[in-house]
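Working notes for the structure below.
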Amino acid sequence: MNKTEQLIETPSDATVTVAAPISFDPRTDLAAAVDLAGRTLAAVRPEQYDAPTPCEEFDVRRLSSHLVAVVRRISVIGRGEDPFSVPSFADEIADGAWAAAWVPGAREVAEVWADPGILGRQLILPMGVLPGAAAAAVYTHELTVHTWDLARATGQEPDWDPALIERVIGVVRRALPAETRGGRIPFAQVVAVDPEAPAIDRLVAWAGRRP
């Protein structure tokens, strides 16, 4: 993997204000997170649609709809377009059709993010402006956390990649600081966990979940 070094830089009025280097190409991690989210979504059963998830505002149905919206938004962001042009939920998709909708969404992400030049391009996220390298890591985080939410709600045990998760933790602890929650940072307060806890537990705890 070629080494890339980008900065997390945002304008003074953005929520994210920390600058820090990323010394890896995060597109590989983003692609893995998209794939794992899609496989987890495809394993959801109809009798689970109304089940609650660790993300208190979503049941499985609503979270599934939101995940499809997220994968669509990642492509829009990669093209330098307005993230808010994509609704937060894919409400037009019928129950049980989310996995089928995921396939073209994932394909489009791969196409849009294939250009290495995207890593240094300034992209607009709901939280502010970030270089593509940081944006990829932020959305790897969001997809991974929501995959965990969905897996917990539906009794699945995804094959988490600890090395990937450790890389994401290293980025999101700077990009999504514990002191700045609410508003454009759509996560609850950080939950304390054992520093030696599994990587996935530490990641979701940073997003306000209780592993």
Check: Of all residues at least two apart in sequence or in a different chain, which pass the salt bridge (Lys or Arg N to Asp or Glu O under 4.0 Å) check with E47?
Finding: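 Salt bridge (Lys or Arg N to Asp or Glu O under 4.0 Å) list for E47, sorted by chain: R45.
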Heavy atoms only: give me the nearest [X]-[Y] pair and the separation to one decimal.
X	Y	answer
A199	E166	CB-OE2, 3.7 Å
A114	R27	O-NH1, 2.9 Å
R73	P83	NE-O, 2.9 Å
V193	R202	CG2-CG, 3.8 Å
A153	A51	O-CB, 4.2 Å
P54	R209	O-CD, 4.1 Å

Only one of [options] passes side chain to side chain contact (heavy atoms under 4.5 Å, CB included) with [X]; say which it is.
X	options	result
L30	L143, V168, D25	L143
L41	L36, T147, V68	V68
F58	L67, L63, L150	L63

Starting from [Y], can I reach [X] by hopping between I/L/V/M/F/W/Y residues whose side chains sit under 4.5 Å apart?
X	Y	value
V76	F89	no
V191	W160	no
V112	V71	yes
V204	I169	yes
V34	I93	yes

Next item on the list: Check whether any side-chain heavy atom of D115 sits under 4.5 Å from a side-chain heavy atom of R121, and report yes or no.
Entry: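 Sidechains of R121 and D115: in contact.
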Notebook entry, point to check: Can you tell if the side chain of L123 reaches within under 4.5 Å of the side chain of I118, non-hydrogen atoms only?
Noted result: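 The answer is yes; the side chains approach within 4.5 Å.
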Margin query: The criterion is side chain to side chain contact (heavy atoms under 4.5 Å, CB included); which residues satisfy it with D194, sequence neighbours excluded?
Written below: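 Testing D194 for side chain to side chain contact (heavy atoms under 4.5 Å, CB included), a comparison that skips the adjacent residues, returns E196, A197.
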Next item on the list: With sequence neighbours excluded, tell me which residues meet side chain to side chain contact (heavy atoms under 4.5 Å, CB included) with A100.
Entry: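 Counting only residues at least two positions away or on another chain, A100 forms no side chain to side chain contact (heavy atoms under 4.5 Å, CB included).
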Checklist line | Residues that Q156 engages under side-chain hydrogen bond (donor to acceptor under 3.5 Å, both in side chains), provided they are two or more places apart | finding: T154
Check: Crowded around R79 CZ? As in, over 12 foreign heavy atoms under 6.0 Å?
Finding: yes
Give a yes or no answer on whether the side chain of [X] reaches the backbone of [Y] with a donor-acceptor pair at less than 3.5 Å.
X	Y	answer
W113	I74	yes
R72	G105	no
T40	A151	no
H66	S88	yes
T53	V60	no

Check: Sequence neighbours excluded, which residues qualify as ring-ring contact (aromatic ring centres under 6.0 Å, His included) partners of Y49?
Finding: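 For Y49, the residues satisfying ring-ring contact (aromatic ring centres under 6.0 Å, His included) (neighbours in sequence not counted) are W98.
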Item checked: Residues forming a ring-ring contact (aromatic ring centres under 6.0 Å, His included) with W102, sequence neighbours excluded -> none
Interatomic spacing from [atom1] in [X] to [atom2] in [Y] - rounded to 0.5 Å:
X	Y	atom1	atom2	value
D91	S65	CG	OG	5.0 Å
R173	H141	CZ	NE2	10.0 Å
D50	R61	CG	CZ	4.5 Å
E142	T144	CD	OG1	10.0 Å
F84	I124	CZ	CD1	10.0 Å
L164	T28	CG	OG1	9.5 Å

Next item on the list: Could you walk me through whether L203 and V172 pass the side-chain contact (heavy atoms from CB on, under 4.5 Å) test, one step at a time?
Entry: CA-CA 9 Å; L203 179 71; V172 299; 4.2 Å; yes
Item checked: Residues E56, D149; criterion side-chain contact (heavy atoms from CB on, under 4.5 Å); working and verdict -> CA-CA 10 Å; E56 294 180 357; D149 289 334; over 6 Å; no
Notebook entry, point to check: With a 4.0 Å cut-off, would you call R39 and D159 a salt bridge?
Noted result: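 Between D159 and R39 there is no salt bridge, as every charged N stays at least 4.0 Å from the carboxylate O atoms.
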